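To start, the structure itself, in structure tokens.
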Amino acid sequence: MTTATEAFRRARDFLLEHREDYATAHRDFAWPRPDRFNWALDWFDVIADGNDRTALHLVEEDGHETRLSFAALSRRSDQVATWLRQRGVRAEDRVLVMLGNQAELWETALAAMKLRAVVIPATPLLGPADLRDRVERGRVRHVIARAADTAKFDEVPGDYTRITVGEGAGGSWQPYADAYGAAEHFTPDGPTLSDDPLMLYFTSGTTARPKLVEHTHTSYPIGHLATMYWIGLRPGDVHLNISSPGWAKHAWSNLFAPWNAEATVFLHNYTRFDAPRLMAEMDKAGVTTFCAPPTVWRMLIQADLGLLRTPPREVVAAGEPLNPEVIEQVRRAWNVTIRDGFGQTETAVQVSNSPGQVLKTGSMGRPSPGYRVELLDPVSGAPGATEGEIALDLSDRPVGLMTGYHGDPDRTAEAMAGGYYRTGDIGSRDEDGYITYVGRADDVFKASDYKISPFELESALLEHEAVAEAAVVPAPDELRLAVPKAYIVLAEGWQPGPDTAKVLFEHSRETLAPYKRIRRLEFGELPKTVSGKIRRIELREATAAGSTDEYREEDFR
């Protein structure tokens, strides 16, 4: 066992030992900072040696199951690494991986780490235009994709190796299945430095062109010890995280955090979300820890949560803030409280409600172990504000922070200015150190000179049974300069029209202060990124352009 492995294990075990003792964990946790570290070789292969416990459990829509042990995945990833090396993959080569939730995705992730190649994760939902951008800006040398998606690359120029998973692709595409004939023992071609690049993530692009976030062999593998702590993962757990491959949260909770804890990764693949079927599969698999984005939680509460006979021990939400009404419905049905957490593609979880802690309604918790979180005053930029931009103190730089925005030194310098990493998100902190999310800095707006947090208004709307989803943006107004406008996705059984609009305006008047009331309203689907986040920039643009489908509060007085 290497010194790096021992240091990693000590840090991991410290967090496991103090998983419900936040004060000790936050005060005494110290990041391991090895000079050399390769998570696949120095951690995964170590815990996989002779280990026949299930590491990966996949259930398909037709009931077909795949179970792979830690030992089997270690062996398979050795074969894939050896085979990819024979295909020309070298250290620091960029490999775009566009696979679904299939065993080959995890094999490839481990194999690429062993080769010191740089993975560019990509969701299969991407089209040719997105792929051209990724191949060009990411300087991609190799592509691994499902056979069903290979035609998309016909429109993506470039001299890159093409490898396909599945039957059907021919021509220049090489079959991944040939890797299983390679030697089962892999020998690294050199040491892995801790700051060697490991992953390049294109952000979801909710407000602008996607940024290219660079992570190293320590920032995500070691950084996600904090994520393991937040989720409450333990050795032997069965963890389900609903997240699309290609996005950072998938690596957070379907790769690093569960295997840091030596837990099983469980996934149920489906074409269309089916809450009763999902809960049935959770029962069969014995899921003990569960993470889902707010969109999934909102769909789950539309079903009978009592169908889940054995609820998970720990449930968390991430991606966007979760509204209190959803948390309360799950608590009543499962007798377990959804614990919110806050992080970004650029980091591991920065702020969270960890297991065993007092929860405050609406708060996303306190700084994670290993993180010094400050709120920067919006005027002076000084730390210590009760409300301000959420930022990380770089004088004790957390391991789980990105290197920077690849190929964009100006944007990196702006994000790291003044000794702080600036998240672009606004929060408020109470006297006990709990931080409540206010909104993205560019989403918060003023109406009649009052500051409006869209999240607060959306939470109030979601308390009404008619509302399945809501997004609030500013609408131009001659008197107040801007007023809150809500875009509403209705729950089953409710129809769009003036009667429903009147009901929701009345609900707004009853639950919100006068300056916060919803003044305009429109029904319809919400535009989202392929990772499921609401594209508020599109809603703001549509609002500025005007709409004949809009209802106004003054029309119902």
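The shown structure was predicted, so the numbers you read here are calculated from the model rather than taken from an experiment. Excluded from the calculations below are hydrogen atoms, water molecules and symmetry mates; all remaining heavy atoms, backbone and side chain alike, are included. Throughout, numbering of the chain's residues begins at 1 and tracks the sequence.
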Compute whether any side-chain donor of one residue and acceptor of the other, for Thr345 and Thr203, lie under 3.5 angstrom apart. no
Hydrogens and angles aside, do Thr289 and His239 bring a side-chain donor and acceptor to less than 3.5 Å of each other? yes
For the residue pair Glu456 / Tyr437, report whether a side-chain donor-acceptor contact shorter than 3.5 Å exists. no
Just by modelled atom types, is the Glu20 backbone N or O under 3.5 Å from a matching donor or acceptor in the Gln357 side chain? yes
Plane angle bin for Phe273 and Tyr270 - parallel if under 30°, tilted between 30 and 60°, otherwise perpendicular: perpendicular
Counterpart residues, ring pair (Phe, Tyr, Trp, His ring centres under 6.0 Å), relative to Tyr487 (two or more places apart): none
With under 30° as parallel and over 60° as perpendicular, where do the rings of Trp252 and Trp230 fit, or are they tilted in between? perpendicular
is_close_aromatic(Phe505, His507), centroid dist under 6.0 Å: no
Is the distance between the ring centroids of Phe290 and Trp297 under 6.0 Å? yes
What class does the angle between the rings of Tyr220 and Phe256 fall in, given that below 30° is parallel, 30 to 60° is tilted and above 60° is perpendicular? perpendicular
Side chains of Glu214 and Tyr201: is there a donor and an acceptor less than 3.5 Å apart? no
With Lys516 as reference, evaluate Thr511, Val472, Ile452 under the side chain to side chain contact (heavy atoms under 4.5 Å, CB included) test and give the passing residue. Ile452
